[in-house]
Protein chains: 2
Amino acid sequence: MSWRKDKDQRRTERGYHHGNLKEALLQAALDLIAQKGAAGFTFADAARMAGVSPAAPYRHFRDRDELLSSIAQRGFEQFEATLAQAWDDGHPDTVTAFERVGRAYLDFARNEPAFYSAMFESGLPVDGNPTLQAASERAFAIIRAAAERLAALSPPGTPRPPALMMALHIWSMAHGVASLFARGDAARRKLPMTPEELLEAEVLIYLRGLGFPTDRRDAREPEAEKPAGPWGKPK
Amino acid sequence: MSWRKDKDQRRTERGYHHGNLKEALLQAALDLIAQKGAAGFTFADAARMAGVSPAAPYRHFRDRDELLSSIAQRGFEQFEATLAQAWDDGHPDTVTAFERVGRAYLDFARNEPAFYSAMFESGLPVDGNPTLQAASERAFAIIRAAAERLAALSPPGTPRPPALMMALHIWSMAHGVASLFARGDAARRKLPMTPEELLEAEVLIYLRGLGFPTDRRDAREPEAEKPAGPWGKPK
DNA sequence: AGCTTCATGTAAATAACTTTCACATGAGCT
DNA sequence: AGCTCATGTGAAAGTTATTTACATGAAGCT
């Protein structure tokens, strides 16, 4: 009875069997990771939060790492869904959709710190877990697909950039900005702009470097006016 | 005598007092973090490796976190030195030196995984530690100084980009590439190019987006030929 | 040399966490 | 009703973090 003061009361409430412990544990772990970081969360804590003994979780997860992996797994799936929704198959136009994906990346890092931690900061052996790796690659595939479409719009007369390389570049930008400026204490660095603005400008400058017009309209549309530039009008 | 089988022998070797325990602990921790990650390393392990009792480290570090902070601190100092050396005050020319800094960033991430982990992946409260934050900012200052010089070379006729923004952009690229592709398992993702090449191309495209000539010569020098482009000659 | 002091280590103790194992419970099936 | 198996419980062993009282010996003082 050491693991829970009101064990008996709780027991009365839910009976000997929890009924949905696996889900409860995942949720508890998510909350704990969000609070104390991926390193701080303990298996025992999750059990306590779910109202079961410290041994109970072992019926659902081999060990602490498997629970963490499960969370990362779900994180990647949710990440993929989020990015896919933001991309929306490139509607209404490729560039607009692309910018939306960038913001979605940052939003995810900020709104789902627990998932983000488990996915990128927990030190999990990503390559040792095929399922996890596959989930990770499906998420990246969204970015890659978007880059593919963008590359296809490459202005005539310029060499067409490899879409995979573009995707890796964009990914690294989004990940770098998210990791450095959009999470936890890091977010407190005094920036001259929001992480979203920072990333958007970065991507726009990059795309311009590839020869894309960067006035926020679909590249297929003709330019109507000179853009002010990604960092605002010079004064 | 449970903490070390040949305690007495070791004791004979070095006497009751270690003589340089603080350094020994830092080194041990560094080795352990490199092996098992920042999360895996334990205070007790470090003590064992140094040949002292589990309580001894507390004479030199308030707790496990302070040891980790000390390592991060040194990491940032070493990082700063590495970047400063690579930058070499912009010699022989700004762009060449700039590329060297990028490579130095990746080298550091790869050659000093323990430092890198402690600095960026340990979940330490960076902003809660003024000393650490200052060290971190000194390292970033190198990148910022380089960006400053680069911004000054901005081609006439184009609006001059804010150097701080450029520095943040470059930093995020380097950090993103390092985190995603130049560390641990992540390094095993099949890439069409090395992380160094990936980053270099990314930065070159970005700089071109800002209006810089990107033929790898100092921008002050006149262009002699059309560059093939950052991703090689199209075939 | 003899004495004192203080930084540096040790031992032992407490509390928490991880993981395992034998045993308990009760939900669902026959 | 009786069985069986998935799911929980208790208790135990092994680790770690951290504290506290005590030990050691290097450095300085007399």
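Per chain, numbering begins at 1; letters A, B, ... match sequence-line order. Remember, it's a predicted structure, so these values are computed and weren't measured experimentally.
- Applying the side chain to side chain contact (heavy atoms under 4.5 Å, CB included) criterion to B:Arg103, with sequence neighbours excluded, gives B:Glu99, B:Arg100, B:Glu196, B:Glu200.
- To the nearest angstrom, C1' of D:dT7 lies 12 Å from CG of A:Leu25.
- Across every non-hydrogen atom of A:Tyr206 and B:Ile205, the tightest pair is O-CG2, 3.2 Å.
- Residues meeting the side chain to side chain donor-acceptor pair (under 3.5 Å) test with A:Gln27, sequence neighbours left out: A:Asp31.
- Protein atom CG of A:Leu21 is 13 Å distant from nucleotide atom C1' of D:dT9, rounded to whole Å.
- Protein atom CG of B:Asn20 is 18 Å distant from nucleotide atom P of C:dA7, rounded to whole Å.
- With sequence neighbours left out, B:Arg144 forms a salt bridge (Lys or Arg N to Asp or Glu O under 4.0 Å) with B:Glu148.
- Among residues at least two apart or in separate chains, there is no ring pair (Phe, Tyr, Trp, His ring centres under 6.0 Å) pair with a member in residues 21-41 of chain A.
- Of the residues in residues 59-66 of chain B, those with a non-hydrogen atom less than 4.0 angstrom from any atom of DNA chain C are B:Arg59, B:His60.
- In terms of the salt bridge (Lys or Arg N to Asp or Glu O under 4.0 Å) criterion, residue partners of A:Glu137 (sequence neighbours excluded) are, by chain and number, B:Lys190.
- Within residues 30-44 of chain A, the residues having any heavy atom under 4.0 Å from DNA chain C are, by residue number, A:Thr42, A:Phe43, A:Ala44.
- When the nearest nucleotides of DNA chain C are assigned to A:Asp45 and A:Ala55 by heavy-atom distance, the more 5′-ward of the two goes with A:Asp45.
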Which donor-acceptor pairs under 3.5 Å do the side chains of residues 19-26 of chain A make with protein atoms, sequence neighbours left out?
{"residue": "A:Glu23", "atom": "OE1", "partner": "A:Arg74", "partner atom": "NH1", "Å": "3.2"}
{"residue": "A:Glu23", "atom": "OE2", "partner": "A:Arg74", "partner atom": "NH2", "Å": "2.5"}

Expected rows: protein N/O vs nucleotides 4-6 of chain D N/O, under 3.5 Å:
none

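- Atom CZ of A:Arg62 sits about 9.5 Å away from atom OG of A:Ser70, to the nearest 0.5 Å.
- For A:Leu68 and C:dT18, the CG to P distance is 12 Å, given to the nearest whole Å.
- In this structure, of C:dC17, D:dT19, D:dT18, it is C:dC17 that holds the atom nearest to the side chain of A:Arg48.
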Report all side-chain donor-acceptor pairs from residues 114-122 of chain A shorter than 3.5 Å, counting only partners two or more places apart or in another chain.
{"residue": "A:Tyr116", "atom": "OH", "partner": "A:His175", "partner atom": "ND1", "Å": "3.3"}
{"residue": "A:Tyr116", "atom": "OH", "partner": "A:Ser179", "partner atom": "OG", "Å": "3.3"}
{"residue": "A:Ser117", "atom": "OG", "partner": "A:Pro113", "partner atom": "O", "Å": "3.1"}
{"residue": "A:Ser117", "atom": "OG", "partner": "A:Glu121", "partner atom": "OE1", "Å": "3.2"}
{"residue": "A:Glu121", "atom": "OE1", "partner": "A:Arg183", "partner atom": "NH1", "Å": "3.0"}
{"residue": "A:Glu121", "atom": "OE2", "partner": "A:Arg183", "partner atom": "NH1", "Å": "2.7"}
{"residue": "A:Ser122", "atom": "OG", "partner": "A:Ala118", "partner atom": "O", "Å": "2.8"}

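- When the side chain to side chain donor-acceptor pair (under 3.5 Å) test is applied to A:Trp87, no partner is found at least two apart in sequence or on another chain.
- Sorted by first and then second residue, the salt bridge (charged side-chain N to carboxylate O under 4.0 Å, His left out) pairs involving residues 78-87 of chain A (not counting sequence neighbours) are A:Glu80-A:Arg138.
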